[in-house]
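So you know, we letter chains A, B, ... as the sequences are listed, proteins then strands, and number each from 1.
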Number of protein chains: 2
Amino acid sequence: MPLPKTARAASRPVRSAPLQAASLRQTRRAHATETAEDYVEAIADLTLAMGEARVVDLARRLGVTHVTVNHTLARLQREGYLSALPYRAIFLTPHGQRLAKICQQRHEVVVAFLQALGVPPKIAERDAEGIEHHVSPRTLAAFARHLAQ
Amino acid sequence: MPLPKTARAASRPVRSAPLQAASLRQTRRAHATETAEDYVEAIADLTLAMGEARVVDLARRLGVTHVTVNHTLARLQREGYLSALPYRAIFLTPHGQRLAKICQQRHEVVVAFLQALGVPPKIAERDAEGIEHHVSPRTLAAFARHLAQ
DNA sequence: TCTAAAATGTAGCTAAGGCTACATTATGTA
DNA sequence: TACATAATGTAGCCTTAGCTACATTTTAGA
Ligand SMILES: [Mn+2]
Ligand SMILES: [Mn+2]
Ligand SMILES: [Mn+2]
Ligand SMILES: [Mn+2]
């Protein structure tokens, strides 16, 4: 026997449907750019550490096969984040470099923040790899504020 | 002229390849269960607030079409989270209820934590909707600790 | 310089999770 | 009770992102 549609016997804060829908849309949007963010960040890291970024190195760092890397690189090249020629190293475009820098900085702040809260380093690194993509500028600023104290 | 493969001119902490790969694998695992988590949480919320959970209500709250809801419900039913009959309301199995409770609690902690840091409520809600799925038990405990002070 | 091994690329598959367009079933009200 | 409308379901499409198996190209060392 269902309650009337207007019943609201909530014992805890019930998110409004529009707010929750908007939040979930934002989460899906974040997931859509997440791969690009992790790839350009990894390419920037590898370029700095090894002089160039190669497909095998990316595959190793990203925990996927080289086939997946190839496939994704094709899309990211299409979308203007990087340039690549067959059997050659991968280079970020200025657009890709800008994104990489932002992601590197955000990544560092999130990891440092979690560690400052008492989360062990490896767990902080693990969680940060996912959390970072859902941290808005306002929240990132809050993390940085907390770190500055 | 690429540097030798052993070069390591890093000016900032370089994550080891194995740790980064493990972190990204964990992130992908989290994304695989994320939909289930958001659905069971929404179904529990709706059941409490309206007496039952219907496809239209879920679609509205989740910000997707009813077709997507149907499609996903079929999978979640296959995986034992819920039961549903054509043209009837959706019910969580005990398994689904257990997951829903965990997710509801975690969601609340994450939102409260972000707000305690000074993030405005709506932004906290938005970010939490994505962040929650990447918060490990250790990190959740750290959030709760911080809230208790 | 040759050639085996490493790196890279391609073909073709799967699953999740979106969508529009259309079909069917329930339901509330005249 | 009839029937218009709301709710639900189905068909069929797309993109992302994974994979294995196999083909091709580079490259390093004998
Ligand atoms: Mn990441
Ligand atoms: Mn995520
Ligand atoms: Mn969520
Ligand atoms: Mn949630």
Expressed as a whole number of angstroms, how long is the span from [X]:[atom1] to [N]:[atom2]?
| X | N | atom1 | atom2 | result |
| --- | --- | --- | --- | --- |
| E52(A) | dT26(D) | CD | P | 15 Å |
| R88(A) | dT8(C) | CZ | C1' | 11 Å |
| L58(A) | dG9(C) | CG | P | 11 Å |
| M50(A) | dA7(C) | CE | P | 10 Å |
| L62(B) | dA16(C) | CG | P | 17 Å |
| D38(B) | dA16(C) | CG | P | 17 Å |
| R29(B) | dA15(C) | CZ | P | 20 Å |

- Query: Does atom CZ of R28(B) have more than 12 heavy-atom neighbours from other groups under 6.0 Å away?
  - Reply: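 Yes, because the 6.0 Å sphere around CZ of R28(B) holds more than 12 heavy atoms from other groups.
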
Please tabulate, for side-chain N and O atoms in residues 140-149 of chain A, each donor-acceptor pair with protein atoms closer than 3.5 Å (sequence neighbours left out).
| from | atom 1 | to | atom 2 | distance (Å) |
| --- | --- | --- | --- | --- |
| R145(A) | NH2 | L117(B) | O | 3.3 |

- Item | salt bridge (charged side-chain N to carboxylate O under 4.0 Å, His left out) contacts touching residues 116-127 of chain B (sequence neighbours left out) |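 Of all non-adjacent pairs touching residues 116-127 of chain B, those that pass salt bridge (charged side-chain N to carboxylate O under 4.0 Å, His left out) are R15(A)-E125(B).
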
- Message: Is the ring pair H134(B)/H31(A) parallel, tilted or perpendicular, if the boundaries are 30 and 60 degrees?
- Response: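 If you compare the ring of H134(B) with that of H31(A), the planes turn out perpendicular.
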
- Message: For nucleotides 12-24 of chain D, give me one character per nucleotide, 5' to 3': B if any protein heavy atom sits under 4.0 Å from the base, S if the only such contacts are to the sugar-phosphate, - if neither.
- Response: ----SBBBBB--B

- Task: Given salt bridge (charged side-chain N to carboxylate O under 4.0 Å, His left out), test R106(A) with E108(A) step by step and report yes or no.
- Result: CA-CA 5 Å; R106(A) 192 186 54 186; E108(A) 274 187 64; over 6 Å; no

- Task: Please assess D57(A) against R54(A) for the test salt bridge (charged side-chain N to carboxylate O under 4.0 Å, His left out), listing each intermediate value before the final yes or no.
- Result: CA-CA 5 Å; D57(A) 304 316; R54(A) 309 290 311 208; 6.0 Å; no

- Task: May I ask you to verify if any side-chain N or O of N70(B) is less than 4.0 angstrom from the OP1 or OP2 atom of dG9(D)?
- Result: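 Checking dG9(D) against N70(B), a side-chain N or O does come within under 4.0 Å of OP1 or OP2.
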
- Query: Is the distance from OP1 or OP2 of dA7(D) to the nearest side-chain N or O of R54(B) less than 4.0 Å?
  - Reply: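 So the side-chain polar atoms of R54(B) never come under 4.0 Å of the phosphate oxygens OP1 or OP2 of dA7(D).
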
